[in-house]
Colleague: 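Take a look at this one; I'll ask things after.
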Amino acid sequence: MNKNLNIEELVAADTAHHFHPFTDHKSFHAGGGARVITHAKGVYIWDGKGNKMLDAMAGLWCVNVGYGRKELAEAAYQQMLDLPFYNTFFKTTTVPATLLAEKVASLLPERFNQVFFVNSGSEANDTMVRFMRRYWEIKGQPERMHFIARRRAYHGSTCISASLGGMSAMHSQGGLPLPGFHHVQEPDWFQCGGDMSPEEFGLKAAKEVEDKILELGPEKVAAFVGEPIQGAGGVLVPPSTYWPEIQKICGKYGIPIVADEVICGFGRAGKWFGHQTMGFEPDVVIMAKGLSSGYQPIGAVAISDKLIGEFFEKGGEFFHGYTYSGHPVACAVALENLRIIEDEDMVGNAARMEAVVKEKIGALADHPIVGEVRVKGLIGAIELVKNKNTRERFDDWGRVGTICRDHCFANNLVMRACWDTMVFSPPLCITEAEIDEWAKLARIALDKTWADVKHEAE
Ligand code: PXG
């Protein structure tokens with residue numbers, strides 16, 4: 001870090017020139033500008049004012065190996081010296097792109113042997129949509145153009161991936177979703193399950209997928225797309241009945257399942273991939289984030305042998321790719337990242353730490369403002385409610401979550417608010433002592449939030 005950095009000047013320059021993503025610009029420009037993050041180590045980040053914060057979000061659900069891993073910087077440095085760029089178009093490859101494709105295929109279930117590289121989760125989903133539509137053309141079923149996804153799903157921010165996602169706020173701007181994208185009930189028992197048991201609700205949510213297939217006509221559906229656990233939607237861990245039923249329904253109508261593993265992949269939910277944790281078998285797997293632990297922008301789409309076999313046999317050229325598909329530096333870093341995850345058994349650590357998080361963060365369920373704590377591996381959520389027993393929310397959904405998030409920040413803890421759901425996804429290297437500290441900081445933030453809004457519950 002540049003020790004002579006003048007943070008006030010930097011913040012002023014940022015406000016003057018930096019057009020930020022996912023930011024309320026009116027309040028941003030009226031307020032004190034951006035928080036500057038200057039450096040990080042392990043599970044901690046530091047801001048320009050010298051505050052050290054426990055990052056229970058791993059950046060943006062992505063820094064799986066934790067911050068400050070020198071090996072990753074060295075892998076990038078060495079690759080930049082050897083070959084900073086070459087493309088992977090027109091029957092060309094580079095060493096790291098090939099080795100990474102081989103490695104990713106080896107980590108996935110056996111039926112996956114072909115991996116397409118992109119630069120982000122959004123591009124991965126765009127690629128998947130182009131692939132699936134082309135696949136069905138090749139199969140002589142060009143009318144299969146329609147995708148079924150869930151409300152509150154997040155699949156990215158390009159026109160296609162935002163259309164595929166089910167975020168109503170994103171759809172409210174610029175004429176989205178584009179035609180061909182349909183959304184059904186998200187498997188959120190806590191918010192939407194009413195008097196049903198979670199298992200009953202899981203079946204009901206899955207039934208909506210079948211209803212939508214029949215409404216559109218099975219012969220028009222290209223694929224069903226879902227995150228094994230919806231992340232930005234509020235860490236919605238589906239009831240145990242949900243995914244097996246989805247598998248049955250999609251099997252019945254011959255509709256491929258796409259698992260968007262951008263958050264759940266690479267150990268997050270306690271196994272290498274979220275579909276393994278949740279117990280279903282996708283035909284396509286979407287990856288990004290944990291693939292490089294965020295040290296480089298890279299994503300990937302893996303396609304099962306069944307789909308790719310027919311595609312290769314009859315497809316000819318697929319007119320699709322990005323300049324930086326399989327970028328050698330990003331691939332070299334991702335390879336080293338996967339080596340670290342494997343050698344240091346970080347997937348095993350996520351599985352082991354699940355019990356510790358359940359014990360320590362789970363203990364917050366006794367708090368008057370907490371309606372539920374749910375945890376799978378190292379991803380989870382804390383629901384903020386007005387009434388614990390009825391699961392009733394506070395008015396103006398999202399307001400209390402923002403209050404709590406601000407109290408977290410003020411107490412040197414990073415957790416994200418998805419409406420009134422506090423979500424977490426810490427680095428997979430987190431230790432018991434760090435989870436202990438996180439739980440203490442979280443309780444302080446909950447106490448302060450409750451003090452602010454308690455009168456509304458009385
Ligand atoms: N799929 C999933 C499941 C994601 O979580 C994407 C695709 C898109 O990836 P890129 O790399 O294009 O951003 C994501 C990204 C949030 C938040 O507010 C979550 C994401 C991105 C930005 C904000 O929690 N997830």
Side-chain angles (χ1 to χ4, degrees), residues 20-24 55-64 116-129 147 149-170 176 181 183 186-187 223-238 257-266 268-269 273-275 277-278 282 284-302 322 324-325 327 330 334 376 378-382 398 401-402 405 408 414-426:
H20 286 258
F22 280 108
T23 294
D24 177 335
D55 182 9
M57 278 308 295
L60 204 48
W61 322 81
C62 56
V63 187
N64 287 15
F116 191 103
F117 289 119
V118 299
N119 306 291
S120 68
S122 301
E123 285 183 4
N125 278 311
D126 272 45
T127 295
M128 176 278 292
V129 167
F147 290 80
R150 282 88 53 83
R151 291 192 278 276
R152 278 201 279 153
Y154 190 83
H155 295 301
S157 199
T158 54
C159 286
I160 287 287
S161 60
S163 297
L164 182 64
M167 294 292 184
S168 54
M170 293 173 86
L176 299 181
F181 297 93
H183 303 92
E186 67 277 38
F224 172 77
V225 185
E227 302 155 73
I229 296 168
Q230 282 179 239
V235 184
L236 310 180
V237 182
I257 297 178
V258 178
D260 182 338
E261 297 268 7
V262 167
I263 287 179
C264 294
F266 305 101
R268 174 57 56 203
F273 293 96
H275 68 265
T277 301
M278 300 311 301
V284 177
V285 175
I286 304 296
M287 295 159 271
K289 295 192 191 272
L291 173 57
S292 67
S293 288
Y295 280 63
Q296 285 283 292
I298 184 168
V301 183
Y322 307 97
Y324 299 137
S325 285
H327 191 286
K376 268 283 175 212
L378 281 172
I379 185 169
I382 303 168
T402 305
R405 188 215 40 210
C408 287
V414 184
M415 287 205 290
R416 191 163 133 37
C418 298
W419 302 278
D420 286 346
T421 307
M422 301 308 295
V423 298
F424 53 82
S425 123

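Remember, it's 1-based here, ligands and their atoms both numbered in the order they're listed. These values consider heavy atoms only, across backbone and side chains, with no hydrogens, waters or symmetry-generated copies.
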Colleague: Looking only at heavy atoms of Glu261, does any of them come nearer than 4.0 Å to an atom of ligand 1?
Modeller: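 Per 4.0 Å heavy-atom rule, Glu261 does not contact ligand 1.
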Colleague: Find out whether Tyr154 and Val262 are in side-chain contact, i.e. whether some heavy atom of one side chain is under 4.5 Å from a heavy atom of the other.
Modeller: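 They are not in contact (no side-chain heavy atoms under 4.5 Å apart), so the answer is no.
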Colleague: Identify the closest protein heavy atom to atom 22 (C) of ligand 1: which residue and atom is it, and at what distance?
Modeller: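 Looking at atom 22 (C) of ligand 1, the protein heavy atom closest to it is Leu60 CD2, 3.6 Å.
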Colleague: Which residue and non-hydrogen atom of the protein lie closest to atom 18 (O) of ligand 1, and at what distance in Å?
Modeller: Arg416 NH2, 2.5 Å
Colleague: Tell me which protein heavy atom sits closest to atom 13 (O) of ligand 1, plus the residue, atom name and distance to 0.1 Å.
Modeller: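 For this ligand atom, the closest protein heavy atom is Ser122 OG, 4.3 Å.
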Colleague: Can you tell me if Trp61 contacts ligand 1 (heavy atom of the residue under 4.0 Å from the ligand)?
Modeller: yes
Colleague: What's the shortest distance from atom 25 (N) of ligand 1 to any protein heavy atom, and which residue and atom give it?
Modeller: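 The closest heavy atom on the protein side is Lys289 NZ, 3.1 Å.
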Colleague: Would you mind checking which non-hydrogen protein atom is closest to atom 1 (N) of ligand 1, with the distance to 0.1 Å?
Modeller: Asp260 OD2, 2.7 Å
Colleague: Is the Phe147 to Phe224 ring centre distance short of 6.0 Å?
Modeller: no
Colleague: Give the atoms of ligand 1, by number and element, whose distance to some non-hydrogen atom of Ile263 is under 4.0 Å.
Modeller: 5 (O)
Colleague: Enumerate the atoms of ligand 1 whose separation from the nearest heavy atom of Ser120 is less than 4.0 angstrom.
Modeller: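 Ligand 1 atoms under the 4.0 Å threshold to Ser120: 11 (O), 12 (O).
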Colleague: Considering heavy atoms of the protein only, find what lies nearest to atom 21 (C) of ligand 1 and give residue, atom and distance to 0.1 Å.
Modeller: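 Result: Tyr154 CE2, 3.6 Å.
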